[in-house]
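Predicted model, so just to flag it, every value in this text is computed and none were measured.
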Protein chains: 2
Amino acid sequence: MKLVEEKNPDTQRVLEIINEGLSKRAVITIMASCRVYYDGRAVSRLELGDRIIMIKSDGSFIIHQDRNLEPVNWQPPKTKVAADIYQGMVKIKGVRRNPHEKLEVEILNTHLASYFIGEDSESLELAGYEADMGDLIFKDPEVIEKGFRPTSREYHTTQGFIDILGKDQNGNLTILELKSRKAGTNAVKQLRRYVDCFSDHKEEVRGVLVAPSVTDDARELLEEQKMEFKALEPPRELGKDKVVTLESFFGRSSS
Amino acid sequence: MKLVEEKNPDTQRVLEIINEGLSKRAVITIMASCRVYYDGRAVSRLELGDRIIMIKSDGSFIIHQDRNLEPVNWQPPKTKVAADIYQGMVKIKGVRRNPHEKLEVEILNTHLASYFIGEDSESLELAGYEADMGDLIFKDPEVIEKGFRPTSREYHTTQGFIDILGKDQNGNLTILELKSRKAGTNAVKQLRRYVDCFSDHKEEVRGVLVAPSVTDDARELLEEQKMEFKALEPPRELGKDKVVTLESFFGRSSS
DNA sequence: GCATGCATTTCGTAC
DNA sequence: GTACGAAGTGCATGC
């Protein structure tokens with residue numbers, strides 16, 4: 001771990017710290033009074049104020065105000081960042097192609113300039129999203145209902161991909177639309193379109209919206225359209241690939 | 001502007017800086033080796049590594065790794081953040097309700113701890129998104145085509161809201177679907193559904209996708225479905241409410 | 001407070 | 001590289 005930092009550095013020193021940080025592929029953090037200009041997919045301007053500027057080793061370029069979760073301006077990874085002095089101010093420019101975009105920061109006064117090279121080989125383990133629900137349903141189809149058998153995933157139709165296609169215990173084609181969050185009317189409409197893809201089918205085709213909950217509107221629409229809702233929480237187990245549970249060890253052969 | 005910062009502070013001093021920063025509603029920035037746990041809409045865990053932790057005065061709580069534009073973990077504004085010492089480590093907890101979520105950082109070693117109170121009364125001026133396109137089309141309908149007259153915006157149908165509804169120079173109902181970015185097949189399908197809402201209409205109903213560009217698939221689909229594409233860039237003028245142009249001053253009355 | 005839809009969405013993934 | 005869809009999406013807006 002290496003850290004360089006300086007309080008109230010002058011213009012020259014700020015430039016030095018930035019350039020050292022860039023060449024060492026460090027994470028640069030600057031607290032400064034600045035203006036910001038962006039031109040790319042959209043165009044923006046931010047007048048003078050105190051902000052936190054962060055440049056990461058992968059080319060991410062982020063500017064935070066003292067409020068809001070989201071940065072006020074930014075550039076994604078792979079942005080080419082460079083700094084120089086222009087009219088007595090440090091100017092940091094980030095440019096990238098595809099799309100062609102430019103982010104420029106004019107620094108008038110720097111409160112703190114720093115860069116640091118840390119160690120972080122870990123990546124986030126995260127559970128609880130739609131794909132996990134699909135995994136769960138394939139592993140244990142009865143979470144949907146007794147006798148349900150999933151047959152395919154991401155089944156292609158003209159209207160898009162059906163999350164899970166299967167048959168119920170009576171052999172009826174059953175279409176599952178998964179949502180990891182509360183589902184709204186859009187999810188119901190999408191499910192409707194999938195069901196309609198099988199309108200020439202002889203037997204009944206069931207449409208089932210699978211989500212932790214639905215909005216009132218969505219529930220109404222489901223009833224109107226003779227479709228169903230099945231409450232299911234996305235599983236939230238971390239490190240499930242590392243842990244051997246009895247169930248995963250013995251599989252479903254014993255049931 | 002006030003800034004407090006300390007390199008390699010001990011556990012007690014880190015806690016002090018955090019608590020001072022919190023009570024003064026400053027922006028706290030810490031570079032530290034830490035673990036992160038999140039439990040809320042999903043659940044996550046991040047093992048030991050060097051990261052940048054930021055706590056803003058509005059309760060935004062952000063943790064960055066040395067890579068990626070997006071923070072690895074976060075909590076939105078209005079999160080209640082508090083710190084204490086537990087088993088010799090500084091622990092920062094952020095909790096919020098609705099949804100109920102918790103973010104916890106265990107700090108093992110702090111490289112730099114700081115808080116700062118800046119001045120920033122400016123807000124971002126931004127132009128170039130879908131709403132701007134709509135404004136432009138209402139202000140100058142001929143950007144679509146000669147004789148086009150928009151009649152309503154956000155027109156409600158069972159399939160959702162039509163961006164702009166109007167009539168062409170022949171009096172045919174014309175539905176505009178706006179996209180501020182390159183439009184894909186989904187935009188075409190959506191437009192199709194809007195057009196179908198008027199399938200009982202006597203006269204021709206036109207569907208026009210308005211966007212800076214379309215994907216090849218989308219263009220194909222448009223042709224198949226006898227719908228149209230009109231290339232239009234979202235306007236990118238900043239501060240248009242401040243600048244009085246000749247056009248806006250004289251309006252369209254003279255034309 | 002909840003529901004809806006845009007976003008400089010970002011990010012992963014399949015093609 | 002492009003296209004497509006999910007996201008702990010965030011966020012404004014309308015109700």
- [ ] Using atom types as modelled and distance alone, determine if a side-chain donor or acceptor of A/D120 lies under 3.5 Å from a backbone N or O of B/Q65.
- [x] no

- [ ] Would you kindly check whether a donor in the side chain of A/N73 faces an acceptor in the base of C/dT8, or vice versa, at under 3.5 angstrom?
- [x] yes

TODO: Ignoring hydrogens and angles, state whether a donor on the side chain of A/T215 or A/D217 is under 3.5 Å from an acceptor on the partner side chain.
DONE: no

TODO: Give the ring-plane orientation class for A/F198 versus A/Y155, where under 30° counts as parallel, over 60° as perpendicular and anything between as tilted.
DONE: tilted

Open item on the list: Tell me whether the side-chain N/O atoms of A/S180 come closer than 4.0 Å to OP1 or OP2 in D/dA7.
Closed with: yes

Task: Whole-angstrom distance between D/dG14 and C/dT8, as gauged at atom C1' - done: 25 Å

- [ ] Establish, with yes or no, whether the OP1 or OP2 oxygen of D/dC11 is under 4.0 angstrom from a side-chain nitrogen or oxygen of A/N68.
- [x] no

TODO: Kindly say if A/W74 contacts the phosphate of C/dT9, meaning a side-chain N or O under 4.0 Å from OP1 or OP2.
DONE: no

TODO: Give a yes/no on whether any side-chain N or O of B/T185 is located under 4.0 angstrom from OP1 or OP2 of D/dA3.
DONE: no

Task: base_contact_polar (D/dG10 base, A/E70 side chain, donor-acceptor, <3.5 Å) - done: no

TODO: Return yes if the base of D/dG1 and the side-chain atoms of A/N98 contain a donor-acceptor N/O pair under 3.5 Å, otherwise no.
DONE: no

Task: Whether B/Y129 stacks on the six-membered ring of C/dT8 base, 5.5 Å and 30° limits - done: no

Open item on the list: Is there a side-chain contact between B/R41 and the phosphate of D/dG10, meaning an N or O under 4.0 Å from OP1 or OP2?
Closed with: yes

Task: Side chain of A/R181 - closest among D/dA3, D/dT9, C/dC11 - done: D/dT9

